[in-house]
Amino acid sequence: MKILIVEDDLMSREMMSVILEPYGECCLASNGEEGLDAFRSALDRGQGYDLVCLDLVMPGLTGHEVLRTMRHLEEERNILPPDSAKVLVISSMRDSGNIMGAFINQCESYIVKPVNSNDVLKHLHSFGLIV
């Protein structure tokens, strides 16, 4: 499985990497621009990500902007569900506006920080990415 972790907080980024490394190759991005560059580059190589873990609150592009752009890039390439990346938003934002906004922008699921490995793995299982 190819995994992209887009998170500006170093500790959170490393923690997600530790949780997910047993299940696939992790690429880490410290902001939205880096995340989009990695996502676009993978699509251009024909090797898109299976899973994107995305924070919402980051300097520069917000997670909402990143998610909208990712879905637009997939649509331009005619990559549609179920072949599109599964996006798991992981954010400290717990208000309904941010949560609903993430789903409107087509995330598959949303976890409110702090995160534990069991929650993350349950979501991966529900996406069909692990058994």
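- Taken together through direct or relayed side-chain contacts under 4.5 Å among Ile, Leu, Val, Met, Phe, Trp and Tyr, L67 and I5 form parts of separate hydrophobic clusters.
- A distance of 10.0 Å separates OG1 of T69 from CD of E33, quoted to the nearest 0.5 Å.
- With rounding to the nearest 0.5 Å, the separation of CG in L4 from SG in C26 is 9.5 Å.
- In this structure, I90 and K113 have side chains that are in contact, with non-hydrogen atoms separated by less than 4.5 Å.
- Atom NZ of K122 is separated from atom OG of S117 by 10.5 Å, given to the nearest 0.5 angstrom.
- Looking at every heavy atom in both residues, V87 comes nearest to E108 through N-OE1, 2.6 Å.
- Side-chain contact check for L80 versus E74: every heavy-atom pair is 4.5 Å or farther apart.
- Looking at heavy atoms from C-beta onward, S91 lies in side-chain contact with D55 at the 4.5 angstrom threshold.
- Taken from OG in S109 to CD1 in I99, the straight-line distance is 10.5 Å, to the nearest 0.5 Å.
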Practice prompt. Would you check, one step at a time, whether the test side-chain contact (heavy atoms from CB on, under 4.5 Å) holds for L36 with E65?
Written response: CA-CA 10 Å; L36 277 179; E65 293 167 317; over 6 Å; no
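- The shortest non-hydrogen separation linking V89 to A102 is CG2-CB, 4.1 Å.
- Using modelled atom types and a 3.5 Å distance limit, the side chains of S41 and R45 yield a donor-acceptor pair.
- The shortest distance between side-chain heavy atoms of L20 and L51 falls below 4.5 Å.
- The shortest distance between side-chain heavy atoms of L129 and D50 falls below 4.5 Å.
- The OG1 atom of T62 lies 7.0 Å from the CE atom of M58; values are rounded to the nearest 0.5 Å.
- Cluster membership for I19 and V112, using ILVMFWY side-chain heavy atoms within less than 4.5 angstrom, is not shared.
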Worksheet item: Stepwise, does the side-chain contact (heavy atoms from CB on, under 4.5 Å) test hold for F127 with L88?
Response: CA-CA 10 Å; F127 299 158; L88 175 58; 4.3 Å; yes
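- Taking D37 as the reference, R40 meet the salt bridge (charged side-chain N to carboxylate O under 4.0 Å, His left out) condition, with sequence neighbours excluded.
- Cluster annotation: I111 and M1 are assigned to the same hydrophobic cluster (Ile/Leu/Val/Met/Phe/Trp/Tyr, side-chain heavy-atom contacts under 4.5 Å, transitive).
- Residues Y49 and V6 are members of one and the same hydrophobic cluster, defined by side-chain heavy-atom contacts under 4.5 angstrom among Ile, Leu, Val, Met, Phe, Trp and Tyr.
- Side-chain atoms of M15 and M11, non-hydrogen and from C-beta on, never get closer than 4.5 Å to each other.
- Within the 4.5 Å cutoff, side-chain heavy atoms of M16 are placed close to those of V120.
- In this structure, N105 and R71 approach most closely via the heavy-atom pair O-CG, 3.6 Å.
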Worksheet entry | side-chain contact (heavy atoms from CB on, under 4.5 Å) between N98 and Y110, intermediate numbers included | CA-CA 10 Å; N98 275 296; Y110 194 107; 4.1 Å; yes
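- Scanning both residues, L54 and G63, for their nearest heavy atoms gives CD2-O, 3.4 Å.
- When all heavy atoms of A38 and C27 are compared, the closest pair comes out as CB-SG, 4.1 Å.
- Between V57 and the choices E7, H64, M93, the side-chain contact (heavy atoms from CB on, under 4.5 Å) rule is met once, by M93.
- Residues L124 and V52 fall into different hydrophobic clusters, defined by Ile, Leu, Val, Met, Phe, Trp and Tyr side chains chained together at heavy-atom separations under 4.5 Å.
- With contacts defined as side-chain heavy-atom distances shorter than 4.5 Å, the pair L28/S17 qualifies.
- Taking CG of D9 as the start and CD of E14 as the end, the distance is 9.5 Å to the nearest 0.5 Å.
- Between V18 and P22, the shortest heavy-atom distance links the atoms O-CD, 3.5 Å.
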